[in-house]
Peer 1: 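My questions will all concern the structure given below.
Numbers here are sequence positions counted from 1. Remember, it's a predicted structure, so these values are computed and weren't measured experimentally.
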Amino acid sequence: MAVVLMGIAFVAIVGGIGTAIISSVTQQKVTGADSVIRSAAEKVVSEPYVSCASGYETPTPPAGYTVTVAVEYWDGVGAFGRPCPTVDTGVQKVTLTVHSTGPHPVKDATLEVVKRESMLS
């Protein structure tokens, strides 16, 4: 009987350790995705406005992550959309998405940035 109880306790302890390890890896991926998306957003914001841009350059993400960039254009009335209007209104919504790859991928992180053409130029 004591051997069975020790066996059950051993399985419970090993299972708990495994769960803790997987949770730690998942948390590291979430934190990494947050860092990658914020770096990409800082790069996009720092670049000059490009009329009817198809995308903006982002830093190369570390292994295990990919970054996608989508640009929508203000229609001058009340909505963002594609394609770029005949006359660029000077306002774009840039959507950045970070996807984690490999074992234990986490939910994609998404961040939207609005770029405006400088009124000083």
Side-chain angles (χ1 to χ4, degrees):
M1 181 72 170
V3 173
V4 171
L5 291 177
M6 287 179 52
I8 292 171
F10 179 75
V11 169
I13 291 170
V14 170
I17 291 171
T19 300
I21 291 170
I22 291 172
S23 296
S24 176
V25 168
T26 301
Q27 183 59 39
Q28 286 176 339
K29 285 221 171 205
V30 168
T31 303
D34 183 62
S35 176
V36 169
I37 203 163
R38 291 181 187 281
S39 294
E42 288 176 14
K43 174 80 170 150
V44 167
V45 168
S46 70
E47 288 186 19
Y49 181 90
V50 177
S51 181
C52 290
S54 60
Y56 286 94
E57 189 176 322
T58 61
T60 303
Y65 298 95
T66 59
V67 178
T68 57
V69 179
V71 181
E72 293 180 276
Y73 314 94
W74 181 251
D75 66 6
V77 179
F80 286 97
R82 293 187 191 117
C84 187
T86 307
V87 176
D88 188 329
T89 60
V91 181
Q92 301 168 346
K93 178 172 70 172
V94 181
T95 303
L96 302 158
T97 303
V98 172
H99 176 74
S100 67
T101 59
H104 311 292
V106 295
K107 183 178 175 190
D108 292 351
T110 303
L111 182 65
E112 295 177 342
V113 177
V114 175
K115 287 191 67 78
R116 302 182 197 290
E117 187 172 28
S118 173
M119 301 302 275
L120 301 174
S121 49

Peer 1: List the residues meeting side chain to side chain donor-acceptor pair (under 3.5 Å) with D75, not counting sequence neighbours, and say none if there are none.
Peer 2: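 Once residues adjacent in sequence are excluded, D75 has no partner under the side chain to side chain donor-acceptor pair (under 3.5 Å) criterion.
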
Peer 1: Check L96 against A40 and note the closest heavy-atom contact, atom names and distance.
Peer 2: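 Smallest interatomic distance, heavy atoms only, reads CD1-C, 4.0 Å.
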
Peer 1: Looking at every non-hydrogen atom in both residues, tell me the closest pair between S100 and D108 and how far apart they are.
Peer 2: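 Taking S100 first and D108 second, the nearest heavy atoms are N-OD1, 4.4 Å.
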
Peer 1: Provide the full list of salt bridge (charged side-chain N to carboxylate O under 4.0 Å, His left out) pairs with a residue in residues 7-16, sequence neighbours left out, each pair given once.
Peer 2: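 Found none.
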
Peer 1: Could you work out, with side-chain contact (heavy atoms from CB on, under 4.5 Å) as the rule, every residue matching T68, not counting sequence neighbours?
Peer 2: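 Per chain and number, T68 pairs via side-chain contact (heavy atoms from CB on, under 4.5 Å) with T97.
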
Peer 1: Following the transitive rule for hydrophobic clusters with a side-chain heavy-atom cut-off under 4.5 Å over Ile, Leu, Val, Met, Phe, Trp and Tyr, establish whether F80 and Y73 coincide in one cluster.
Peer 2: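 No, F80 and Y73 fall in different hydrophobic clusters.
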
Peer 1: Just by modelled atom types, is the G76 backbone N or O under 3.5 Å from a matching donor or acceptor in the T89 side chain?
Peer 2: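 Side chain of T89 to backbone of G76, a donor-acceptor pair under 3.5 Å: no, none is there.
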
Peer 1: Return a table of donor-acceptor pairs under 3.5 angstrom between the side chains of residues 44-55 and protein atoms on other chains or two or more places apart.
Peer 2:
from : atom 1 : to  : atom 2 : distance (Å)
S46  : OG     : E42 : O      : 3.3
S46  : OG     : K43 : O      : 2.9
E47  : OE2    : E57 : N      : 3.4
Y49  : OH     : D88 : OD1    : 2.7
Y49  : OH     : D88 : OD2    : 3.1
Y49  : OH     : V91 : N      : 3.3
Y49  : OH     : Q92 : NE2    : 3.4
S51  : OG     : D88 : OD2    : 3.0

Peer 1: How far does OG1 of T58 sit from CD1 of I37, to the nearest 0.5 angstrom?
Peer 2: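 Going from OG1 on T58 over to CD1 on I37, the span is 10.5 Å.
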
Peer 1: What pairs with R116 under side chain to side chain donor-acceptor pair (under 3.5 Å), at least two apart in sequence or on another chain?
Peer 2: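 Residues passing side chain to side chain donor-acceptor pair (under 3.5 Å) with R116: none at all.
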
Peer 1: Restricting to non-hydrogen atoms, name the atom on A33 and the atom on A109 that form the minimum distance, rounded to 0.1 Å.
Peer 2: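 Heavy atoms only, the tightest pair is CB-CB, 4.4 Å.
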
Peer 1: Tell me, please, which residues at least two apart from P62 pass side-chain contact (heavy atoms from CB on, under 4.5 Å).
Peer 2: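 Per chain and number, P62 pairs via side-chain contact (heavy atoms from CB on, under 4.5 Å) with V36, Y65.
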
Peer 1: Determine whether W74 and V114 fall in the same hydrophobic cluster, where Ile, Leu, Val, Met, Phe, Trp and Tyr are linked whenever their side-chain heavy atoms lie under 4.5 Å apart.
Peer 2: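 Yes; V114 is reachable from W74 via cluster members.
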
